[in-house]
Amino acid sequence: MYHSACALAEAEACYTGEVLEGEALQGEQFADQAALREECRAVHLVVLRRLVEGHAGAGNTDEALRHGLRLLRVDPYDEPTHLVLVGRLAAARRHGEALRHYRLYTARMRDLGIEPAGFPGPASPPSPS
């Protein structure tokens, strides 16, 4: 696992932003560039998800949080990442952070009209106001 985690971390570090960031890739003449942008973005998200899951599974809360927050900047509606982070923070007894992240998660799910999952921890948080 160590070597694959290092390879993932190296791959993630190579991603410096979207392909042709800031460029409007609209129209048929830009179809290949737009497809490349989406493919790179999708691969970056896969790498980040694997880093989050690996670090969370190993109990590395800070690293899971770092990669998870980076992922959520790209895709703020990624439900599994929200829940992994909340669960990891709760397990690490970082209850205030867990609650803040849970409230952010519930707001994002409600933006989409989706009923949020329950708090992923040993105890339920206070009801969000």
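The shown structure was predicted, so the numbers you read here are calculated from the model rather than taken from an experiment. Heads up: numbering here begins at 1 and tracks the sequence.
The salt bridge (Lys or Arg N to Asp or Glu O under 4.0 Å) contacts involving residues 79-95 comprise Asp62-Arg94, Arg94-Glu97, where partners must be two or more places apart or lie in separate chains.
Here the closest heavy-atom approach between residue Ala92 and residue Thr61 is recorded as CB-OG1, 3.6 Å. Minimum heavy-atom separation, Val86 to Phe119: CG1-CE1, 3.5 Å. In plain terms, the two heavy atoms of Val84 and Ala56 that are nearest each other are CG1-CB, 3.5 Å. In this structure, His95 and Ala90 approach most closely via the heavy-atom pair CE1-O, 3.8 Å. Taking each heavy atom of Pro116 and Met109 in turn, the nearest pair found is CG-CB, 4.1 Å.
Under a hydrophobic clustering in which Ile, Leu, Val, Met, Phe, Trp and Tyr are joined whenever their side-chain heavy atoms come within less than 4.5 Å, directly or via other members, Leu104 and Leu69 fall into different clusters.
Using a 4.0 Å cut-off between charged side-chain N and carboxylate O, Arg50 and Glu53 make no salt bridge.
Partners of Asp78 by side chain to side chain contact (heavy atoms under 4.5 Å, CB included), not counting sequence neighbours, listed by chain and number: Arg49, Leu71, Leu72, Asp75, Pro80, Thr81. In terms of the ring pair (Phe, Tyr, Trp, His ring centres under 6.0 Å) criterion, His101 has no residue partners (sequence neighbours excluded).
When atom types are taken as modelled, the side chain of Tyr105 and the backbone of Leu85 share no donor-acceptor pair closer than 3.5 angstrom.
Expressed to the nearest 0.5 Å, how far NE2 of His55 lies from NE2 of His67 amounts to 4.0 Å.
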